[in-house]
> 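Take a look at this one; I'll ask things after.
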There are 2 protein chains.
Amino acid sequence: MTESETATGGRPTLESVAELAGVSRATASRVVNGGAGVRAVLREKVERAVAELGYVPNLAARTLVTRRNRAIGVVVAEPEARFFSDPFFAQHLRGISRELAAADNQMVLLLAEDERDHERIGRYLAGGHVDGVLLFSLHRSDPTPETAQRLGLPFVIGGRPGWPGAESDRDLVYVDNDNRGGARLAVQHLRSLGRTRIATITGPLDQTSSIDRLDGYRDLFPHGDGDLIAVGDFTADGGIRAMTELLTRRPDLDAVFAASDAMASGAIRVLRAAGRRVPEDVAVVGFDDVESIAAWTEPRLTTVRQEIEEMGRLMTRLLLRRLNDPEASAPSSVIIPTGLVVRESA
Amino acid sequence: MTESETATGGRPTLESVAELAGVSRATASRVVNGGAGVRAVLREKVERAVAELGYVPNLAARTLVTRRNRAIGVVVAEPEARFFSDPFFAQHLRGISRELAAADNQMVLLLAEDERDHERIGRYLAGGHVDGVLLFSLHRSDPTPETAQRLGLPFVIGGRPGWPGAESDRDLVYVDNDNRGGARLAVQHLRSLGRTRIATITGPLDQTSSIDRLDGYRDLFPHGDGDLIAVGDFTADGGIRAMTELLTRRPDLDAVFAASDAMASGAIRVLRAAGRRVPEDVAVVGFDDVESIAAWTEPRLTTVRQEIEEMGRLMTRLLLRRLNDPEASAPSSVIIPTGLVVRESA
DNA sequence: CCGGTTTCTGAGAGCGCTCTCGGGGCGGGG
DNA sequence: CCCCGCCCCGAGAGCGCTCTCAGAAACCGG
């Protein structure tokens, strides 16, 4: 055991590796970082020393000089409780994790619930501990994108940001599911089934995903009937309320496109309670393809599937690319295709 | 703008703060870290300089000398896919996040899927980037606890570890829900309803939560009938299979305690399909109190509630306490009480 | 007004690493 | 045989911070 090894509280340093290998710290460093330009003899010596000592680089020291953390922050503004209750959250994280692991980067999870959290997160980002940021559930009032921009921290947003001008802001790179296209898919499917009086239950209209899904519906009904549109809130209870409303307004409806599976399950419940058969009398299509709901309604739910994990992966890839090549022009936003999963309800 | 400020790529350093305030770096550092032992005049000068420059300490540098990261790792071994699909994951993280935020610590999320991930995580932990570790979904084969122990990294486990000897290992601090007590609660409730032929559907018996829930059931039937016990897998499909099995073995059963809400929902489906009324003919109690299931079965599910978020918080608090006072004796493990939520199914 | 405390402050070392820069060794061309 | 160029390697500076240590300043009692 060498002198310098014991000095750092047991953990070997590059210095001790170099000493054991009989080379300089610089050479040891070269080997640890790929070994380019080091003779094979020395390289092997160093590698043996590394193995023997169980040397692991101290990243704090490395970060201090390279100014690279090999870590990215994932900021989730939580008040959108939906993000939490649905399995989306876990799937996103899994996608991010996989992509990050492949690039040997770490994920720092930052959950924001209130104003103070945003401040704390701002400070953290300013502290320079992450090389980039992934942002979810953006609100207009969310200060994080601005903070990141000011700090020169690359970031990628999950879901289309909704405030005015966001769309045209080239700095706002986002990844989103094709909500609008998915909605069109759903409605087209209902039409192909011969349905003509197709209603829709929307999500809360201050969220872009709701708006886009409604827009997709409207694409097929340019001169649509407002009575066939009811506003929900993505929850099953909201679906119940909206369906009840629709049923009184338009008892003749023969299909419903609900902008979430939870709302669809609520709607089905109401329909059956009202004596309508699903799908015979009223066909129902949902959105999300949440396994625990879609596979468990009676009848099983026809719905629009979105690739949540892929979304996480893509966001991460976009961000990493940007980190590795800061000079490159900002990548453009990406829309991930959605697909229809036909089961029994339509 | 001072010389040293521009040197670091725009971000002000302690040096530049000191310069602007007209004090030494040491004094500036003191102020930034609480300001004890600094005259008010100087303190204010420094504080103004900090505000003016927008100074934020570089944690890499700080970590390098203090050997404290103000970050903890959360390691989730994912193969237990349940952790991901259920809302548990998000709730745990939220609890952890809240507690960590209060202590101004960060959370590094480490998801493990395969062998390589465990290696990567081992390396990461060895890198000394986190001060402690929270471990979930522990398998016997999981090398992480051992790694942490070897590295002297304090850790706290979520859920009772199951391998032989784990229980008596004083170093293995864990936090768990009172699975056994919750199961007893459920069965007692069924008994109080006058039910006598109470069956149970267990989870996979290689998980301690399953075992503990089964043990709770057995506590009330010391000489129980093996025919009344069916092994499930925590999923709704598993519940269907197990219930079908139970119904053929013991058509006379009048109550079922399912070790998860998902299994309970499957069981209810089978029971109704078999013409049994719930709860009149067969009373059903679940476990978990997963909102999206328990509130949506028909009839609504009576179930055992567990405080997931509290579990995350508690684990975090235990870990932080340990970090702040490494000399203190290892805290003992904690069991969080569960409670019965009576709805309609029993 | 002076010596002894006590309180503050600044100089400087050092955390572990990367990276530049220059020197030494070696080969090849003149 | 000499010189030039190339390839490796090591010395050393420096990343931004904390913390010890010693000296300066302020304070007190006599």
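Below, chain A is the first sequence line, B the second, and so on; all start at residue 1. Side chains are part of it too, since the values below use all heavy atoms of this structure and drop only hydrogens, waters and symmetry mates.
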> In whole angstrom, what separates B/Leu14's CG from C/dA11's C1'?
15 Å

> If you check the B/Asn58 side chain, which of D/dC17, C/dC15, D/dG14 turns out closest?
D/dC17

> For A/Arg67 and C/dC19, give me the distance from atom CZ to atom P, rounded to whole Å.
12 Å

> Please tell me if the side chains of A/Phe88 and A/Glu309 come closer than 4.5 Å, counting only heavy atoms from C-beta onward.
no

> Is a donor on one side and an acceptor on the other found under 3.5 Å between the side chain of B/Asn69 and the backbone of B/Gly128?
yes

> How far does CZ of B/Arg70 sit from CZ of B/Arg62, to the nearest 0.5 angstrom?
8.0 Å

> Could you tell me the separation between the CZ atom of A/Arg62 and the C1' atom of D/dG14, rounded to a whole number of Å?
17 Å

> Could you check how far CG of B/Leu64 sits from C1' of C/dA13, rounded to whole Å?
13 Å

> Do the side chain of A/Ser16 and the main chain of A/Pro12 share a donor and acceptor less than 3.5 angstrom apart?
no

> How would you summarise protein contacts on nucleotides 7-12 of chain D per nucleotide, using B for base, S for sugar-phosphate only and - for none, with heavy-atom distances below 4.0 Å?
-SBBBB

> Provide the closest heavy-atom pair for B/Leu64 versus A/Ala61 in the form atom of the first, atom of the second, distance.
CD1-CB, 3.5 Å

> Rounded to whole Å, how long is the line connecting atom NE2 of B/His129 with atom P of C/dG16?
13 Å

> Quantified as the angle between the terminal helix axes (five pairs each), what is the overall bend of the helix from C/dC1-D/dG30 to C/dG30-D/dC1 to 10 degrees?
50°

> What's the CD-P distance between B/Glu15 and C/dA11, to the nearest Å?
10 Å

> With sequence neighbours excluded, what pairs up with B/Asp117 under the side chain to side chain donor-acceptor pair (under 3.5 Å) test?
B/Arg120

> Can you check whether A/Asn33 has a side-chain N or O nearer than 4.0 Å to OP1 or OP2 of C/dT18?
yes

